[in-house]
Amino acid sequence: MAESLETDVVVIGAGAAGENAAGRIVQAGLEAILVETALVGGECSYWACMPSKALLRPGTVLAEAKAVGGAREAVTGALDASAVFRRRNSFTSDWDDAGQVKWVKETGIGLVRGRARVSGERAVDVSDDAGVHLSISARQAVVLATGSEPVIPPLEGLADIAFWGTAEAASAQEVPPRLLVLGGGVAGTELAQAYARLGSAVSLVARHGLLDLYPRAAADLVAKSLEADGVRILTDTSAERVFEESGAVVMELPGGGSLYGDKLLVATGRRPALRGLGLEDLGLDPKGLETDDSGLVSGAGNWLYAVGDAAGKVLLTHQGKYEARAAGAAIAARAKGEIGFGAPPPWSPYAATADHAAVPQVVFTDPEIAMVGLSPEQAQERGIRVSETSLPISVAGSSLFADGYEGWAQMMVDEDRSIPVGFTFAGPGVAELLHAATIAVTGQVPLDRLWHAVPAYPTISEVWLRLLEKYGL
Ligand SMILES: Cc1cc2nc3c(=O)[nH]c(=O)nc-3n(C[C@H](O)[C@H](O)[C@H](O)COP(=O)(O)OP(=O)(O)OC[C@H]3O[C@@H](n4cnc5c(N)ncnc54)[C@H](O)[C@@H]3O)c2cc1C
């Protein structure tokens, strides 16, 4: 007979989004229970952001040293792959979640291990291999923070071979001599460069272009750098079949060619992980949920929320945490009768408004791409009359940063309101330029005031001045 419990809010999934939702709820004086089936901390901490960035960073540092005369002469060796893996292992705490469990407990959040399923209105069952061991009823809300799962392409032969997903690539302890990467999105591109710099002979196959959701000029800089690292990039190419032969993975290409690898990494996207949660019984489609800006799920009454990758709006940790803070605040305010269940006011603490207008994102390759706000296509779709200003990054700060620095910057301006609505920077070290751009877009800073935000000399940020000058100020 399963035990039963009552609490204010049940949060399913203790990744970054679930932890933040539960944290906000408890901070507001309500009770919350987190249910987690794997590691507390979720994908980002153990299998995605942190380990993949830890694999990339040593290669970037080495390349930066080699790009500066005087330091270059001091670089006499290559990356030490086992030391890189050791440092990466420390960032994942050797896949031990004790530190995050301590935070959960110290924050006053209840933690239950097991697989959760929504069993009815405000009701959650938690099971293990032996079946349901706990039924929890929520006085206020249930939050789905179950993350996402890889999309596996219908590629002939793939089901019959052992291949890496991004989690296996981010957590591997050995460098495969030859690595085949299927997918030219952010994860495939980042991991291709990480392994190329660790010593793999990497071939990357992309159905369309490399990083084709980013401006061409920015993506081309990354492609050039990957090629310099020895990555063979095949764009506009679909694998036709994969199979194993004498311990190698063989990928057949259209037109008769084949690629050979010791490992195959499949990085072809992710979708919200909503299966097995009992959503069909609530009349909801587990392929995807519709949520308002507070995370409230449409069509389920006023008690079910979704945040982070599970909500499927923006599959990035920082944005999932932001959605979780909004949902947590909204749940608490609604429980106290401070706000109603209608759409929360934009830019209030209860609304993840920036999801629509100011999502910052970084591709952590070398060079980096840092982007926020609207692309020309998105602006056009929304009927916003925009102008585009772009130029190579060539300022005193960039020339000091690296000999032969190559970078590119773009600014999108809403011409009717005279405010910036989007920025992209590509080049070494540009990720740290991004938050200034995010503030300018979120704050809707008028261009004639932005003119007075003087970039310090000599920094790469001087590109802001160049963009405004080229725009015509
Ligand atoms: C290779 C890679 C690199 C990335 N790098 C970055 C990056 O640099 N920066 C960035 O912002 N984003 C990055 N991302 C995206 C980022 O990892 C995700 O956006 C983020 O992890 C989503 O957090 P979440 O809390 O929504 O989900 P998750 O972190 O996936 O957490 C969901 C949790 O729910 C648990 N769960 C699922 N179902 C149940 C259930 N039924 N019962 C109980 N528990 C359940 C899971 O075990 C999991 O722990 C990367 C992704 C990949 C794949």
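Given the structure is predicted, the values throughout are model-derived calculations rather than measurements. The first residue of the sequence shown is numbered 1, and numbering continues consecutively from there.
- Judged by distance alone, the side chain of E43 and the main-chain N or O of A48 form no donor-acceptor pair under 3.5 Å.
- Judged by distance alone, with hydrogens and angles left aside, the side-chain atoms of R88 form a donor-acceptor pair with the main-chain N or O of A170 at under 3.5 Å.
- Among all heavy-atom pairs drawn from G184 and T189, the shortest one is O-OG1, 3.4 Å.
- In the displayed structure, R216 atom CZ is contacted under 6.0 Å by more than 12 heavy atoms of other residues, nucleotides or ligands.
- When all heavy atoms are compared, the tightest approach of L284 to G299 is CD2-O, 4.0 Å.
- Checked by atom type and distance alone, the side chain of E6 never pairs as donor or acceptor with a backbone atom of S137 at under 3.5 Å.
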Inset, instruction - Please test D309 against S148 for side chain to side chain donor-acceptor pair (under 3.5 Å), starting from the C-alpha separation and ending with a verdict. - result: CA-CA 5 Å; D309 281 15; S148 56; 2.7 Å; yes
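- Expressed to the nearest 0.5 Å, how far CZ of R115 lies from NE2 of H133 amounts to 11.5 Å.
- The two residues A192 and L204 have their closest heavy-atom pair at CB-CD1, 3.7 Å.
- Proximity of a side-chain donor or acceptor of Q140 to a complementary backbone N or O of A335 within less than 3.5 Å is not detected.
- Without hydrogens or angle criteria, T268 side chain to V151 main chain gives a donor-acceptor distance under 3.5 Å.
- Of all non-hydrogen atoms in A38 and D97, the two that sit nearest each other are O-OD2, 4.1 Å.
- Considering all non-hydrogen atoms of both residues, A17 and G320 come closest at CB-O, 3.8 Å.
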Inset, instruction - Report the C-alpha separation of E19 and K321 in whole Å, then their side-chain angles, then the decisive distance to 0.1 Å, and conclude whether the salt bridge (charged side-chain N to carboxylate O under 4.0 Å, His left out) test is met. - result: CA-CA 8 Å; E19 285 182 333; K321 286 160 71 174; over 6 Å; no
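- Evaluation of the side chain to side chain donor-acceptor pair (under 3.5 Å) test over residues 329-344, restricted to residues two or more places apart or in two chains, returns S294-R334, Y305-R334.
- At distances below 3.5 Å, not a single donor-acceptor pair connects side-chain atoms of Y214 with backbone N or O atoms of A370.
- Using modelled atom types and a 3.5 Å distance limit, the side chains of N89 and Q173 yield a donor-acceptor pair.
- By the 4.0 Å N-to-carboxylate-O rule, E149 lies close enough to R275 to be salt-bridged with it.
- In terms of modelled atom types and a separation under 3.5 Å, the side chain of D285 and the main chain of K287 share a donor-acceptor contact.
- Between T166 and L265, the shortest heavy-atom distance links the atoms N-CD1, 3.8 Å.
- Classification of R197 and D229 as a salt-bridged pair holds, one side-chain N sitting under 4.0 Å from a carboxylate O.
- Within the 3.5 Å criterion, the main-chain N or O of W47 finds no donor-acceptor partner in the side chain of S171.
- Atoms CD1 and CD1, from I25 and I331 in turn, are 4.0 Å apart once rounded to the nearest 0.5 Å.
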